[in-house]
There are 2 protein chains.
Amino acid sequence: MEKIMKKGDLTRQNILSRAVDLASQLGLEGLSIGLLANTLNLSKSGLFAHFQSKEALQIQVLDAGALIFSEMVVRPAIQEPRGEPRIRAIFEKWIQWVQSKSNAGGCLFVAASAELDDRAGPVRDHLVKIQKDWLNTRVRVAMTGVEKGFFRSDLDCEQFAFEEHGIMLAYHHTARLLRDPKAEVRARQAFERLIQASQPPRSV
Amino acid sequence: MEKIMKKGDLTRQNILSRAVDLASQLGLEGLSIGLLANTLNLSKSGLFAHFQSKEALQIQVLDAGALIFSEMVVRPAIQEPRGEPRIRAIFEKWIQWVQSKSNAGGCLFVAASAELDDRAGPVRDHLVKIQKDWLNTRVRVAMTGVEKGFFRSDLDCEQFAFEEHGIMLAYHHTARLLRDPKAEVRARQAFERLIQASQPPRSV
DNA sequence: CAAAAATACGAACGGTCGTACTATTTAGAT
DNA sequence: ATCTAAATAGTACGACCGTTCGTATTTTTG
């Protein structure tokens with residue numbers, strides 16, 4: 001049974017795929033229904049009928065983006081063995097995600113975070129949930145790093161995830177806005193320092 | 001001679017002050033001339049006459065924001081003594097800047113960076129210049145930290161500034177989007193770890 | 001105080017925005 | 001092949017966008 005999907009669902013997926021691209025460039029607010037329809041050779045009203053409001057579209061764009069992120073970053077990392085390999089895989093895939101050509105406009109969530117951090121409403125709430133989920137995932141992975149003995153037993157895993165996030169944000173900024181070719185090296189260096197500080201004290 | 005400023009320059013300053021606020025909430029693109037005029041009881045065309053285009057307005061908003069940042073962060077930090085006090089003052093004032101009530105919509109430059117990182121044109125170029133200036137300032141301050149012996153002589157000062165920036169970005173995200181009350185503690189902890197790693201090796 | 005220059009206003013322009021309604025086309029089931 | 005329901009198109013709406021222009025008002029200057 002391949003055909004669970006009616007035709008409408010297929011075009012909706014098509015729309016969302018393009019919408020994720022555009023939203024990463026123009027932001028969730030800057031993404032307009034008319035423009036989105038034009039780039040897909042659809043009528044504005046025909047496209048609009050798939051969502052009942054722009055707000056609903058924005059929420060589905062976030063979900064579609066999160067799904068891609070899961071497939072490109074979370075899934076391949078999760079199937080690495082627990083401990084060091086998985087921790088390093090997350091960072092590696094995350095870097096690749098930022099560089100990914102499908103992210104022509106930069107990471108959708110970096111853009112959306114800056115855009116929505118001071119707005120209220122369901123779109124913001126949805127973004128917060130997605131971001132907290134991703135944070136928690138990384139906290140848990142750090143915990144398995146502790147269990148496997150790769151990390152110190154007294155490591156503050158939430159602190160680890162916080163600092164890891166900071167490295168990625170600085171990388172995003174340095175690579176995408178400043179276009180500094182050293183950005184990736186800087187990010188890796190910072191990550192190695194974070195790893196080292198999280199490991200059991202060196203036997204001297 | 002107090003009156004170098006004609007009346008028009010005064011209102012222009014007023015406009016820019018409000019515009020910086022609004023832009024930090026709505027972004028540089030989301031900031032509209034009509035709305036800006038309304039909140040100031042000005043006519044749209046009267047306001048527009050001060051700038052000849054929205055693009056010019058956006059550039060001046062960035063400059064106005066950079067000026068406020070200079071006065072709230074750079075200047076007080078610079079007049080601290082070289083070395084550790086100045087380095088810590090930068091971080092401290094920077095944290096206060098993010099919390100500052102004048103930044104109701106979050107840091108203008110975080111918002112603008114995410115918005116403009118994939119656009120071309122003079123507004124983006126202007127933002128890049130401002131951001132590079134700030135980065136260079138911090139690199140130079142780190143260098144004086146080396147000269148004063150507070151930091152290791154082989155410290156990579158650009159790397160230091162990169163990681164410092166990451167901590168602030170993670171703080172911004174964690175405090176403003178996630179509304180995590182532990183954000184500030186996390187940021188301080190990360191900064192202490194960065195400081196410690198930058199200091200001369202502990203005599204054991 | 002008058003002349004000149006700077007500043008602000010009101011109305012209007014062509015566009016695009018999100019959304020609502022109605023029609024037309026298309027697809028799937030019988 | 002026909003009927004029904006889903007999917008898309010068409011049209012219109014009021015609101016707001018950035019921008020222009022002509023005019024009125026205020027400020028500065030001589």
Side-chain angles (χ1 to χ4, degrees), chain A residues 1-20 22-23 25-62 112 115-116 119-124 126, chain B residues 1-20 22-23 25-62 112 115-116 119-124 126:
Chain A
M1 280 301 158
E2 260 290 51
K3 283 205 36 178
I4 319 173
M5 197 121 53
K6 311 203 156 194
K7 156 122 205 272
D9 287 318
L10 240 174
T11 51
R12 218 199 59 206
Q13 275 203 343
N14 242 329
I15 293 169
L16 285 175
S17 166
R18 173 64 54 90
V20 169
L22 283 177
Q25 299 175 222
L26 311 167
L28 283 173
E29 211 63 41
L31 166 69
S32 84
I33 295 173
L35 175 68
L36 181 55
N38 276 348
T39 74
L40 289 160
N41 288 338
L42 281 182
S43 70
K44 193 162 70 143
S45 56
L47 189 152
F48 184 82
H50 284 276
F51 318 88
Q52 292 75 12
S53 68
K54 181 167 188 185
E55 205 174 62
L57 169 65
Q58 291 173 326
I59 290 179
Q60 293 188 44
V61 166
L62 285 177
E115 198 177 354
L116 297 176
R119 281 210 250 285
V123 187
R124 186 204 131 95
H126 212 77
Chain B
M1 279 301 160
E2 262 289 52
K3 280 205 41 178
I4 320 173
M5 197 124 51
K6 310 203 160 197
K7 153 126 207 266
D9 288 318
L10 241 176
T11 51
R12 217 197 64 210
Q13 275 201 345
N14 241 329
I15 293 170
L16 285 174
S17 165
R18 173 64 55 91
V20 169
L22 283 176
Q25 299 173 224
L26 310 167
L28 283 173
E29 212 62 42
L31 167 68
S32 84
I33 295 173
L35 176 68
L36 181 55
N38 276 347
T39 74
L40 289 161
N41 287 339
L42 281 180
S43 69
K44 194 163 67 143
S45 56
L47 189 151
F48 183 83
H50 284 275
F51 318 87
Q52 292 75 14
S53 68
K54 180 165 187 185
E55 205 174 61
L57 168 65
Q58 291 172 327
I59 289 178
Q60 293 189 43
V61 166
L62 285 177
E115 198 178 353
L116 297 176
R119 282 211 250 285
V123 187
R124 186 204 132 93
H126 211 76

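Each chain gets a letter, A, B and so on, in the order its sequence line appears, and its residues count up from 1.
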Distance col, row B:Leu62:CG vs B:Leu16:CG, nearest 0.5 angstrom, shows 10.5 Å

When rounded to whole Å, the CD to C1' distance for the pair B:Glu55 and D:dG18 reads 12 Å

B:Phe48 atom CZ is separated from C:dA11 atom C1', nearest whole Å, by 16 Å

Between CZ of A:Phe51 and C1' of D:dT8 the distance, given in whole Å, is 14 Å

| query | Would you call B:Asp9-B:Arg12 a salt bridge at under 4.0 Å N-O? | reply | yes

Across the strands shown, which category fits A:Ala49 at heavy-atom distances under 4.0 angstrom: base, sugar-phosphate, nothing? base

Rounded to whole Å, the CD-P distance (B:Glu29 to C:dC17) equals 13 Å

Q: Taking the side chain as every heavy atom from C-beta outward, state whether A:Lys44 and A:Leu35 have any atom pair closer than 4.5 Å.
A: no

Taken to the nearest whole Å, CG/B:Leu10 to C1'/C:dA8 is 15 Å

key: Within-4.5 Å side-chain heavy-atom neighbours: A:Leu57 and A:Leu28   = no

Could one point to a donor on the side chain of A:Lys44 or the base of D:dG10 with an acceptor on the other under 3.5 Å away?
no

In whole angstroms, the gap separating C1' of D:dA15 from CD1 of A:Ile33 amounts to 15 Å

Exercise. A:Ser45 near the nucleic acid: base, sugar-phosphate alone, or nothing, with a heavy-atom cut-off under 4.0 Å?
Worked result: base

Of the listed D:dA9, D:dG18, C:dG18, the closest approach to the A:Leu42 side chain comes from D:dA9

Rounded to whole Å, the CG-P distance (A:Asp9 to D:dT8) equals 10 Å

Any donor and acceptor pair, going by atom type alone, linking the side chain of A:Thr11 with main-chain N or O of A:Asn14 inside 3.5 Å?
no

**Prompt:** What is the nucleic acid contact for B:Leu31, judged by heavy atoms within less than 4.0 Å: base, sugar-phosphate only, or nothing?
**Reply:** sugar-phosphate

(Q) Please tell me if B:His50 has a side-chain N or O lying less than 4.0 Å from either OP1 or OP2 of C:dA6. (A) no

ask   = Is any side-chain nitrogen or oxygen of A:Ser53 closer than 4.0 Å to OP1 or OP2 of C:dG18?
value = no

Whole-Å distance, B:Asn38 CG to D:dC16 P, equals 9 Å

task: Check whether the side chain of B:Ser43 and the base of C:dG10 form a donor-acceptor pair under 3.5 Å.
output: no

The nucleotide from D:dT8, C:dT19, D:dT19 with an atom nearest the side chain of A:Lys54 is C:dT19

